[in-house]
Amino acid sequence: MSSSQLWRVAVGAPLPEALTYSFANSLQRGQLVNVPLGRRKVKGLVLGPTDKVPDFEVKSIDSIDEEYAPLPEPFMKWLEWLAQYYIHPVGQVVQSAFPPLRKTDKQRQSKRPPVIPQLESDSALDLTDEQRKCFEDIAKQSGFATHLLFGVTGSGKTEVYLRLLDKVLKEGKRGIVLVPEISLTPQLIQRFARRFGDKIAALHSQLTDRERTNQWWDIVEGRKSILIGARSALFCPVEDLGLIIVDEEHEPSFKQDEKLKYNGRDAAVMMGKLMNCPVVLGSATPSLESWKNAQEGKYQLHTLRHRVANRSLPDIEVIDLRHQKSDDEEKKKIIDKYSHLPFWLSPALYERMGEVLERGDQAALFLNRRGIAQMVVCPACGHTRECPNCDISLTLHAHSHLICHYCDYHENFKTKCPDCKEGELQAIGLGTELVETDLARLFPEKKIARADRDEIQSRADLEDLIANMESGEIDILVGTQMIAKGLDFPKLKLVGLVLADVGFNLPDFRATERSFQLITQMSGRSGRHVKEGESPGLVIIQTFNVEHDSITFARNHDFEGFAQHELNIRSQLHYPPVGRLVSFRIQGTHLGKVEETAGLLARRAYALKSQFPQYNSIEILGPAEAPLSKLRGQFRFHLLIKTTQVSAANPFSRQLLGDQEWVPSGIKILIDIDPMSLL
Ligand code: ADP
Ligand code: ZN
């Protein structure tokens with residue numbers, strides 16, 4: 001052997017493969033090194049030795065980064081799996097495995113509150129029989145297994161997680177808890193901090209780089225044993241891992257929708273496998289992917305059918321908005337009586353709100369749309385104001401400006417139509433802002449708060465809102481899906497879904513599943529703390545589609561029925577989880593070039609399929625204009641690959657994309673394995 005050996009190094013550049021460098025001293029796989037790349041100096045991760053001498057001049061590694069110990073082997077395998085499975089440059093995958101700042105960089109004094117609050121500790125609750133059974137069934141096994149904890153809203157899943165973590169700590173091991181970014185509320189962190197005190201670290205998007213770096217080292221150097229975080233917390237290498245928990249595992253936000261398009265839930269299962277530790281996925285509305293795995297015995301199913309302490313699930317009432325107008329005399333009287341109500345508010349919901357508020361309890365109205373109105377239209381010429389960057393109508397906010405909800409383009413709202421210069425633009429549709437304004441008129445003495453992206457822009461805003469809900473300062477909460485997740489307010493007794501139909505008709509095969517989840521999760525906020533004998537919480541669903549599958553199953557709290565029904569439909573159409581899906585998005589600023597490239601990609605796909613018999617099962621859909629056909633100035637087409645032969649999807653996609661040298665300049669093809677959104 002020569003004195004200098006060759007090494008494969010993953011560097012932070014959009015290169016499909018690792019690069020080869022030489023180094024005179026000894027090196028180890030998993031070590032972080034400094035290397036030259038063109039004229040730059042970059043960081044790289046050593047993947048291993050190689051004897052393949054490349055046909056270009058091999059450069060030498062500058063130095064080893066002594067700050068980092070080599071990454072553990074199972075973690076290295078996990079990073080390589082991500083690159084391989086999601087077809088993403090390995091050098092860009094490994095970038096996520098290091099904190100943003102150096103440990104030794106100077107720290108500035110910070111006035112921010114500590115990431116983990118110091119609280120008085122509480123003790124474990126006595127588990128209910130159901131909780132105990134789930135806990136014991138999961139705890140008695142060691143090594144890798146995936147458990148699906150299916151528990152209705154308020155059934156005490158978190159208490160089961162806490163017990164499992166407690167056991168793991170007692171064994172001298174450590175745990176990761178993944179939750180959707182939006183559920184990483186102070187409420188949640190406090191719950192863990194009260195039980196485990198200073199053993200907790202947290203990683204989420206609201207941290208400064210310095211805070212993130214400190215939390216990262218606290219875990220890596222073993223000062224903390226439980227890491228709570230959003231999906232990216234998985235990239236913090238935790239040694240002696242004894243448990244991974246993924247709460248609200250069905251949440252689409254576990255999927256990263258840019259760069260490395262990984263699903264945090266699936267990546268967690270793979271990590272559990274490589275580290276040989278159990279993985280617990282929890283939800284009141286499991287994803288059909290996980291449900292199917294449980295049905296087939298790949299995951300172990302554990303069920304919590306009841307809320308704790310004999311609290312009942314809320315009563316669900318469905319209001320048919322189609323029958324609000326009528327010729328019937330009796331009904332006419334009713335209509336007159338309620339003629340002061342805005343069009344979006346049924347008498348039933350209005351009356352129930354009055355009753356709940358009268359008793360000093362709280363009501364929450366949910367609508368997954370912000371602003372005053374979806375669009376402004378000119379009745380004279382039909383012109384609608386659209387975003388100049390996106391093919392999307394602009395939403396009216398505060399009666400004064402128009403905003404694009406995709407790229408945040410703003411313009412002032414002028415009533416005169418800019419197109420025909422005659423008509424007066426009219427607002428059409430409904431948003432949370434309008435709901436709030438109308439409620440302020442109907443309940444003038446009540447305190448109303450709105451929770452959407454316009455109002456809640458920081459973690460501090462959300463903390464204030466939660467505190468004010470808990471203290472009873474707020475009477476009525478109006479919000480988007482921001483308030484559907486995980487929140488636990490004792491006095492909240494009525495939840496109203498203003499228009500359940502939003503989202504029913506999205507051009508996405510998961511639209512019904514999403515609606516079911518949202519309705520169930522939102523309903524689950526109601527009456528979580530009613531005592532035995534008290535009347536249960538109430539949910540009122542307003543809709544134009546009473547017969548919609550998501551409503552008929554959700555009103556009966558029937559997840560299992562829904563899952564079976566929906567899986568049937570998916571299996572007929574070969575959609576996930578029955579088949580596997582890969583989406584290719586072709587985008588660029590030149591429409592003609594985008595369309596042409598999409599056509600070219602499709603022709604390559606057909607050729608590939610006919611050439612290789614192992615690709616027989618592949619179905620090619622498109623190319624077609626994406627539902628969001630122009631976004632932030634980029635035109636978008638997509639091509640979908642669908643197959644029931646799961647193992648064919650990845651090699652086919654890899655081959656289809658090829659070296660990408662055939663792709664014209666200015667055009668990007670973005671590949672998404674197991675896409676969660678087809679827009
Ligand atoms: P989930 O996550 O399943 O929706 P949570 O874990 O938030 O439910 O529990 C709902 C409420 O019930 C919480 O206020 C929690 O403190 C309480 N709780 C959980 N387990 C028990 C128990 N064994 N005894 C009494 N209260 C419990
Ligand atoms: Zn826009």
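Residues take their numbers from the sequence shown, with the count starting at 1. As the structure lists them, so they are numbered: ligands from 1, and atoms in each ligand from 1.
Within the 4.0 Å heavy-atom cutoff, Gly151 does not count among the residues contacting ligand 1.
Residue contacts with ligand 1: Gly156 is placed with a nitrogen or oxygen under 3.5 Å of a nitrogen or oxygen of the ligand (distance criterion only). Note: an N/O pair closer than 3.5 Å links Gly154 and ligand 1 by distance alone. Not one N or O of Thr153 is nearer than 3.5 Å to an N or O of ligand 1, by distance alone.
At distances below 3.5 Å, at least one donor-acceptor pair connects side-chain atoms of Arg632 with backbone N or O atoms of Tyr406.
Under the 4.0 Å criterion applied to side-chain N and carboxylate O atoms, Arg510 and Glu289 are assigned as salt-bridge partners. Checked for salt-bridge contact, Lys133 and Asp129 miss the test: no charged N lies under 4.0 Å from a carboxylate O. Between Asp452 and Arg370 there is no salt bridge, since no side-chain nitrogen of the basic residue lies less than 4.0 Å from a carboxylate oxygen of the acidic one.
At a 4.0 Å heavy-atom cut-off, ligand 1 touches Asp126 through the backbone alone. At a heavy-atom distance under 4.0 Å, only side-chain atoms of Asp488, from C-beta outward, approach ligand 1.
Checking Arg265, Glu513, Glu248, His250 one by one against Ser287, the side-chain hydrogen bond (donor to acceptor under 3.5 Å, both in side chains) holds for a single residue, Arg265.
Residue nearest to atom 5 (P) of ligand 1, selected from Arg191, Arg307, Glu159, Gln521: Arg191 (by heavy-atom distance). The option with the heavy atom closest to atom 17 (C) of ligand 1, from among Asp247, Leu304, Val308, is Val308.
Taking the six-membered ring where tryptophan is involved, the planes of Phe516 and Phe562 are essentially parallel, since the angle between them stays under 30° and well short of 60°. Ring pair Phe559/Phe150 is tilted by interplanar angle, where 30° to 60° counts as tilted.
Contact of the Glu625 side chain with the Lys630 side chain is not registered, since no non-hydrogen atoms from C-beta on lie closer than 4.5 Å.
Side-chain contact of Thr512 with Asp549: a donor-acceptor pair under 3.5 Å is absent, judged by distance alone.
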Carefully, step by step, assess Leu430 and Val498 under the rule side-chain contact (heavy atoms from CB on, under 4.5 Å). CA-CA 10 Å; Leu430 178 61; Val498 174; 3.9 Å; yes
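Contact atoms of ligand 1 toward Val152: 3 (O) (distance under 4.0 Å to a heavy atom of the residue). Counting the atoms of ligand 1 from 1 in the order shown, those under 4.0 Å from a heavy atom of Leu127 are 23 (N). Using a 4.0 Å cut-off to heavy atoms of Arg311, the atoms of ligand 1 that qualify are 11 (C), 12 (O). Heavy-atom proximity to Thr128, at under 4.0 Å, picks out these atoms of ligand 1: 23 (N). Each of the following atoms of ligand 1 lies closer than 4.0 Å to a heavy atom of His529: 14 (O). Atoms of ligand 1 found under 4.0 Å from any heavy atom of Thr158 (numbered from 1 in listed order, with element): 2 (O), 6 (O).
Here the angle centred on the Zn ion (ligand 2), running from SG of Cys404 over to SG of Cys390, is 110°, rounded to 10°.
Using a cut-off of 2.8 Å, one finds that His405 contributes no N/O/S atom close to the Zn ion (ligand 2).
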